[in-house]
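Chain letters run A, B, ... following the sequence lines, proteins first, then strands; residues in each count from 1.
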Amino acid sequence: MATDSSYLDGLNDVQRKAVTTINGPVMVIAGPGSGKTRVLTYRIAHLINEGIPPYQILALTFTNKAAAEMKERIAAVVGKKSNQLWAGTFHSIFARILRYEAEKIGYPSNFTIYDSQDSKSLITTIIKEMNLDVKTYNVNGVFNRISNAKTNLISSKMYADNIGLRTQDRSSHRPKIADIYRAYAIRCKRAGAMDFDDLLYQTYVLLHKNPDQVLEKYRDKFKYVLVDEFQDTNHLQYSIIKKLVAFPNSPRNLCVVGDDAQSIYAFRGATIDNILNFQKEYKNLKVYKLEQNYRSTNFIVEAANQLISKNNKQIQKKIWSSQGEGAKIKLIKAVSDVEEAKRIAEVILEQKTRNHLNNSDIAILYRTNAQSRVFEEHLRRHNIQYKVYGGLSFYQRKEIKDLLAYLKLAVNPKDEEALKRVINFPKRAIGNSSLDKIKALANQQSQSIWDILKDIGKYQFPNRLKTAITKFVNIVVSMQKNLNVLDAYQLAVMAGDKTGLIATYQKDKTIEGMNRVENLRELLNGIKEFVESDEVIEEINSDDKSLTGYLQNVMLYTDQDKDNDDADRVLMMSVHASKGLEFESVFVAGLEKDLFPSKMAVEQREGIDEERRLFYVAITRAKRFLCLSFARTRYRFGNMVTSSPSNFLEEIGEENLEHALNIMSRSTDGRNESKGPRLGPTLKQRARPRIDVDNFEPSPISEIKIGKQVEHLRFGRGLIKTLEGAKGNEVATVLFEEVGEKRIMIKYAKLKVF
DNA sequence: CTCCTACGCCTTTTT
DNA sequence: GGCGTAGGAG
């Protein structure tokens with residue numbers, strides 16, 4: 001049986017139990033820095049050592065990087081058997097299954113993947129085709145609505161029949177969303193395309209509609225299922241997992257690993273309830289809590305504990321550190337975002353000399369990517385090497401998407417978004433009005449645009465246009481013909497040359513143009529590397545050095561997956577992007593009201609709790625040094641805004657801070673003195689008038705008038721300053737005693753006059 | 001058809 | 001402050 005189980009020696013008791021309890025449902029609650037990855041990898045290694053064939057093990061993660069790291073570490077224990085393991089992201093594993101089974105749900109196996117840009121572009125097209133107003137039907141809103149529907153297993157048909165959803169749409173003046181959803185689904189299918197949600201949703205549909213041939217097969221195959229970052233799964237992901245695991249007589253060998261306190265993806269449909277309710281769903285569940293923190297020193301851990309205790313819903317646990325007391329948390333109080341950046345740069349220099357830190361030991365975290373700019377400037381000034389994560393990724397750049405679009409067309413010419421992107425780029429005199437006519441024809445015949453283009457001779461169009469189109473069709477066809485002859489790299493070179501794409505960018509002699517050519521070269525190199533790497537991807541797709549394989553890789557690639565290159569640089573990234581990482585020294589900047597916690601979150605139910613978890617993630621990235629900062633003024637949208645310190649600063653415990661937190665005393669807002677926080681001379685004064693929650697009865701809208709004193713469940717007492725908006729949608733500006741001015745929709749917010 | 005300018009929305013966070 | 005889109009002129 002077990003061959004070499006020395007890997008068990010380095011584990012603490014709870015970790016060891018979590019690793020060796022292999023049968024039946026297991027939940028591992030893993031606090032930050034508690035050795036979660038070790039448990040996960042050793043658990044899989046242990047399964048294999050116990051004789052479970054690796055191909056019967058399915059391990060789902062959220063990033064490719066996490067999966068790769070896991071596989072690598074498992075290989076170190078069990079050797080190359082680990083190649084047969086099914087370990088990958090939800091999206092990539094399901095994409096792989098879908099490639100095999102696509103025909104069963106009416107998709108081609110060479111389907112292309114739409115990223116959110118593609119999805120939104122198609123939705124915009126549909127909105128315009130339906131002659132709807134693009135302002136009321138703003139793409140992001142519509143896209144989110146459709147995405148949420150899929151995440152909740154609601155098909156376009158079910159959406160159309162759902163009275164609740166339709167009522168919501170009508171009250172937001174967007175009654176046609178159901179029709180847009182339907183058209184979108186049809187168009188995706190016609191284009192042979194799946195968006196990110198489809199990779200999950202269609203997998204669910206596939207399993208659901210083919211219980212005998214497909215579901216049984218995968219149930220039988222995956223005898224052991226592990227899910228990483230379980231707190232970030234959405235309803236759809238969990239439903240698929242349950243389908244695979246929960247059937248009569250199933251041994252339910254499901255192991256979920258996560259930390260409810262680090263659930264930070266609600267905005268993309270993740271629901272913390274999956275982890276909170278897991279115990280109720282699996283009666284004989286074994287729960288292991290990893291509470292020992294091996295990462296951070298004690299002041300940091302204590303601050304994190306105090307902070308998170310303010311949240312309502314959570315699984316009780318107490319993280320403790322074995323790393324000694326360490327340094328207290330430093331706080332930088334800056335007058336402006338510029339000063340904030342300047343002082344952080346200075347502290348970084350100081351830490352480098354006094355504490356002998358390298359650049360790469362240090363990270364600056366912020367709530368929004370837009371905050372990075374000022375830091376870049378000041379680090380540059382101090383000659384500190386840095387690297388910014390996030391923002392627009394390499395694969396989102398125009399020139400890269402252009403070349404990839406040609407490659408996508410070679411694989412699947414029905415891909416409407418790829419086609420629209422490049423049919424007239426480089427310029428071929430196929431303008432918008434011509435394309436609109438072709439598109440109308442395609443819709444009328446329920447065909448893809450490509451179907452029309454390749455038979456363009458049959459239709460009534462000016463000869464000049466027909467010639468231009470034929471030329472374009474020939475380019476795509478000649479690439480198609482070479483699909484099985486050339487490898488992905490050779491095809492990409494062909495796509496760059498034959499289409500005139502690279503030549504077009506080369507004509508542009510501006511710096512930007514030169515960068516683009518450079519990026520295209522980098523892309524080609526990347527493809528070459530992909531083709532030449534001898535890494536076997538997976539048993540099931542081992543031949544997938546093909547273009548299809550490459551494209552799938554690229555579409556599911558994220559910025560998170562980048563290897564930390566060994567260059568010695570300070571890293572800058574959003575707090576979201578920092579999850580799972582750790583640094584000797586961490587700066588969390590911009591701790592201001594309406595920024596962190598973000599304004600949007602404050603207005604949402606349970607939004608603050610999620611922001612608090614986000615801040616929890618931020619501070620627990622630090623091993624030895626943590627520095628928080630806020631600025632009293634900051635440029636946002638190009639103009640200066642005054643802001644005041646975040647409430648979160650009070651919530652981490654003053655005793656964990658290097659200096660007293662007497663920051664809240666004076667009014668911080670010159671223009672509008674009532675806007676700032678007025679927490680009194682010390683932070684201990686938190687005289688929130690207690691509102692009787694149980695007996696809270698909101699007043700009818702008719703009683704809400706300007707000048708009235710009102711109570712709000714979360715914001716406390718306030719004064720109505722203005723009332724505007726149509727009947728039924730009145731928006732009140734309320735000046736709250738504690739949290740300042742808020743704009744509130746009365747029908748949702750529930751105000752009580754007193 | 002293509003190029004240029006004006007304006008409007010925007011910023012949470014991302015697989 | 002920046003991007004993408006609409007709308008007009010060449």
Side-chain angles (χ1 to χ4, degrees), chain A residues 60-67 88-95 113-117 119-121 124-125 127-128 134-135 138-141 143-144 147 150-151 194-201 228-229 232-234 236-237 263-270 337 365-374 389-393 395-396 398 424-436 462 464-465 468 555-561 573-579 590 594-604 607 610-611 613-615 617-618 634-641:
Chain A
L60 295 165
T61 65
F62 273 88
T63 63
N64 296 303
K65 192 177 163 193
T89 63
F90 282 90
H91 289 83
S92 69
I93 294 275
F94 294 162
I113 297 171
Y114 278 176
D115 64 17
S116 0
Q117 265 180 54
S119 302
K120 285 176 189 173
S121 152
T124 310
T125 306
I127 291 171
K128 286 179 188 160
V134 283
K135 272 187 208 143
N138 86 348
V139 212
N140 286 315
F143 175 72
N144 283 336
S147 174
K150 284 186 198 164
T151 299
M194 299 219 195
D195 67 16
F196 284 145
D197 297 315
D198 283 329
L199 293 177
L200 311 178
Y201 179 71
D228 190 16
E229 308 279 15
D232 287 331
T233 52
N234 61 33
L236 174 52
Q237 286 161 326
S263 166
I264 56 172
Y265 283 108
F267 70 91
R268 107 187 156 199
D337 49 354
L365 311 182
Y366 33 73
R367 183 63 183 78
T368 64
N369 283 312
Q371 286 165 255
S372 70
R373 183 156 275 126
V374 208
Y389 267 55
L392 81 158
S393 109
Y395 293 101
Q396 313 260 56
K398 269 187 206 73
N424 198 31
F425 189 84
K427 301 254 178 296
R428 300 189 175 85
I430 307 171
N432 280 330
S433 55
S434 307
L435 193 58
D436 280 346
R464 208 150 41 99
L465 181 64
M555 294 309 287
L556 298 178
Y557 173 93
T558 72
D559 246 27
Q560 311 288 295
D561 299 328
M573 66 188 91
S574 69
V575 180
H576 280 89
S578 76
K579 192 159 83 159
D594 290 344
L595 181 62
F596 199 176
S598 95
K599 192 171 184 163
M600 302 246 182
V602 175
E603 283 152 15
Q604 271 160 25
E610 169 124 340
E611 294 287 307
R613 292 192 291 266
L614 193 55
F615 188 39
V617 168
R634 171 180 301 283
Y635 274 92
R636 284 180 101 177
F637 312 113
N639 40 33
M640 188 152 79
V641 177

Practice task
Using heavy atoms to find the nearest nucleotide of DNA chain B for L435(A) and S574(A) separately, return the residue whose nucleotide is more 5′.
Solution key: L435(A)
Practice task
Return the orientation label for the F196(A) and H91(A) ring planes: parallel under 30°, perpendicular over 60°, tilted otherwise.
Solution key: perpendicular
Handout entry: Euclidean distance for P, dT13(B) against dG4(C) (whole angstrom)
Key = 15 Å
Fill in the blank from the handout: Regarding the side chain of H576(A), the nearest nucleotide among dT14(B), dT11(B), dC1(B) is dT14(B)
Handout entry: Distance test, side-chain N/O of S116(A) to OP1/OP2 of dT14(B), below 4.0 Å
Key = no
Practice task
Starting at CD1 of I264(A), measure out to CG of L614(A) and round the result to the nearest 0.5 Å.
Solution key: 5.0 Å
Exercise for the section: Could you check whether D115(A) gets within reach of a base, just the sugar-phosphate, or nothing at all, counting any heavy atom under 4.0 Å? Expected result: nothing
Problem - Side chain of K427(A) (C-beta onward), nearest among dC3(B), dT14(B), dC1(B) - result: dC3(B)
Fill in the blank from the handout: Which of dC10(B), dT15(B), dT14(B) is nearest the side chain of N138(A)? It is dC10(B)
Handout entry: Distance test, side-chain N/O of N369(A) to OP1/OP2 of dT14(B), below 4.0 Å
Key = yes
Exercise for the section: Would you classify S434(A) as touching base, sugar-phosphate or nothing, given that sugar-phosphate means primed atoms plus P, OP1 and OP2, and contacts are heavy atoms under 4.0 Å? Expected result: sugar-phosphate
Problem - Expected output: side-chain D198(A) to main-chain D195(A) donor-acceptor under 3.5 Å - result: yes
Problem - Any N424(A) side-chain N or O less than 4.0 Å from OP1/OP2 of dT2(B) - result: yes
Problem - Heavy-atom neighbours of R373(A) CZ exceed 12 at 6.0 Å - result: no
Handout entry: Under the 3.5 Å Watson-Crick or G-U criterion, the dot-bracket string of DNA chain C, with | for inter-strand pairs
Key = .|||||||||
Problem - Over 12 non-hydrogen atoms of neighbours within 6.0 angstrom of CZ in F425(A) - result: yes
Practice task
Walk along DNA chain C from 5' to 3' and tell me the first and last nucleotide with an atom closer than 4.0 Å to a non-hydrogen atom of chain A.
Solution key: dG1(C) to dA6(C)
Exercise for the section: Work out which heavy atom in T61(A) is nearest to a heavy atom in A66(A); give both atom names and the distance. Expected result: CB-CB, 4.1 Å
Exercise for the section: Figure out the CD/C1' separation between E611(A) and dT11(B), and round it to whole Å. Expected result: 13 Å
Problem - Comparing I430(A) and R636(A) on DNA chain B - which has the more 5′ nearest nucleotide - result: I430(A)
Exercise for the section: Output yes if the stacking criterion (under 5.5 Å between centres, under 30° between planes) is met for F267(A) over the base of dT13(B), else no. Expected result: yes
Handout entry: Presence of S598(A) side-chain N/O under 4.0 Å of dT11(B) phosphate oxygens OP1/OP2
Key = no
Practice task
Would you mind classifying the nucleic acid contact of K128(A) as base, sugar-phosphate or nothing, using non-hydrogen atoms under 4.0 angstrom?
Solution key: sugar-phosphate
Problem - Step-by-step side chain to side chain contact (heavy atoms under 4.5 Å, CB included) determination, V575(A) to F596(A) - result: CA-CA 10 Å; V575(A) 180; F596(A) 199 176; 4.0 Å; yes
Problem - Closest approach of S147(A) to D197(A) (non-hydrogen atoms, all atoms of both residues) - result: OG-OD2, 2.8 Å
Problem - Q237(A) side chain vs F90(A) backbone, donor-acceptor pair below 3.5 Å - result: no
